[in-house]
Amino acid sequence: MKEKIWLSSPHMGGREMKYIQDAFAENWIAPLGPNVNGLENDLEKFLGQDLHVAALSSGTAALHLSLILLGVEPGDYVICQSLTFSASANPIAYIGAKPIFVDSEKETWNLCPNAVEEAIKFGIAEGKKPKAIIAVALYGISYKVDEITALSKKYDIPVIEDSAEALGSMYKNQKCGTFGDLGVLSFNGNKIITTSGGGALTLKDREFKKKAVFLSTQAKDDAPHYEHTSIGYNYRMSNICAGIGRGQMEVLEERVAQRRAMHAYYKGLFKDNPHVTLHEEPNEDYFANYWLSVVQINPTSPVTVAEMIHRFQQENIETRPIWKPMHLQPIFHDEAYFGGQLAEKLFNNGLCLPSGSNLSDADRNRIAQVVHQIFA
């Protein structure tokens, strides 16, 4: 069996152990401590825009708290991109709110502004204007910020920016995670940098951060005993995981450069292949971290997506279909959806390729050999 080539594996930089050892030496083995504060400061400095950051146990936790902070309640409508991982939509269900899913647009594969406005008008007609718009930066490419922000202002609906896949990406030289009223980052094991598990909430209001930290630490009121006037959650990041994150932050820009180099490799590999289209930044306004390099297989191709996955699997190389749209998922089958069939077509013809920052020249050669064999 040949050595496994993973889709996107963790890539340590070497400095992580220093922060972890410091935590052990100082006995900060808890969901608070110097590494938690330090990681938040590192992220605030990297993102800019005078943002505040709360380090949490996952990006999903950050999204859940975002909805709570915005006052979303059972029965409320929340607009969500359909072409995304289920973690973008699941927190809506945690609250008992109702998702309205919308289609993608062809340039970024993110929220279609026309479909978003249709969804807003639907909610208003139902007597329930949507409480929030969850805007995803899919595979590290920002959504159409100007258009979605304009709709947000026009209808006075806040945007939750799901940049779980987009740390290090930019739109018009501004970092992803800084555009929404609230933002979500993920440091899962397969992300651009990792804290093993973990995520962060980005906020423009310091008081919102205080409330987020309060809710994420079981909502303990300021009293000499355990007093609770709010429902709380165990969502704070541990000091150990934050130590991994501090070491990873030191190599973040290098990791982005390595992922972009892998994407450039695929661009060369497929430049003369009429059956494969590489998903790219639509224009110079966008700068993608290319967390995953993703292709569309032409429906007239002699090889299907399923066959390509199988051929790569035979060589012990991991590939995956792109996200199955939420409006096609059994758990969300009865929810409202606006738009056409673009998200469905992208899913049917899409393939995620190995994109890790730690792939070697030998790995790239193995990938290229399989591609050449498939389309020989």
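The shortest non-hydrogen separation linking Lys345 to Gln296 is O-OE1, 3.8 Å. Closest of all the heavy-atom pairs between Lys172 and Asp146 is NZ-OD2, 2.7 Å. Among all heavy-atom pairs drawn from Gln81 and Leu111, the shortest one is OE1-N, 3.1 Å. Here the closest non-hydrogen pair linking Arg259 and Asn190 is NH2-O, 4.0 Å.
Other residues sharing the hydrophobic cluster of Met170, ordered by chain and number and joined by side-chain separations under 4.5 Å: Leu39, Leu43, Phe46, Leu47, Leu51, Val53, Leu167, Leu185, Phe187, Ile192, Ile193, Met237, Met249, Leu252, Val256, Phe287. Grouped with Met1 in a hydrophobic cluster is no other residue, since no side-chain heavy-atom contact under 4.5 Å to another Ile, Leu, Val, Met, Phe, Trp or Tyr is found.
When each of Tyr337, Tyr77, Phe101 is tested with Phe122 by the rule ring-ring contact (aromatic ring centres under 6.0 Å, His included), just one qualifies, namely Tyr77. The only option from Ser104, Cys112, Pro325 that meets the side chain to side chain contact (heavy atoms under 4.5 Å, CB included) definition with Ser82 turns out to be Pro325.
Glu107 meets the side chain to side chain donor-acceptor pair (under 3.5 Å) test with Lys144; sequence neighbours excluded.
Looking at Arg255 and Gln258, their side chains do bring a donor and an acceptor atom within 3.5 Å of each other. Side-chain contact of Asn298 with Ser301: a donor-acceptor pair under 3.5 Å is absent, judged by distance alone.
Taking 4.0 Å as the cut-off between side-chain N and carboxylate O, Glu44 and Lys209 count as a salt-bridged pair. The existence of a salt bridge linking Lys98 and Glu335 is confirmed by a sub-4.0 Å separation between a basic side-chain nitrogen and an acidic carboxylate oxygen. A salt bridge does not link Asp42 with Lys45: every distance from a Lys NZ or Arg NE/NH1/NH2 to an Asp or Glu carboxylate oxygen is 4.0 Å or more.
Under the side-chain hydrogen bond (donor to acceptor under 3.5 Å, both in side chains) criterion, the residue pairs touching residues 261-277 are Lys267-Glu280, with sequence neighbours excluded. Each side-chain hydrogen bond (donor to acceptor under 3.5 Å, both in side chains) pair with one or both residues in residues 49-71, not counting sequence neighbours, appears once here: His64-Tyr235.
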Show which side-chain atoms of residues 69-76 pair as donor or acceptor with protein atoms under 3.5 Å away, not counting sequence neighbours.
unit_1 : atom_1 : unit_2 : atom_2 : d
Asp76  : OD2    : Glu73  : N      : 2.7
Asp76  : OD2    : Lys131 : NZ     : 2.8

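Residue Lys210 qualifies as open at atom NZ: its count of foreign heavy atoms under 6.0 Å is 12 or below.
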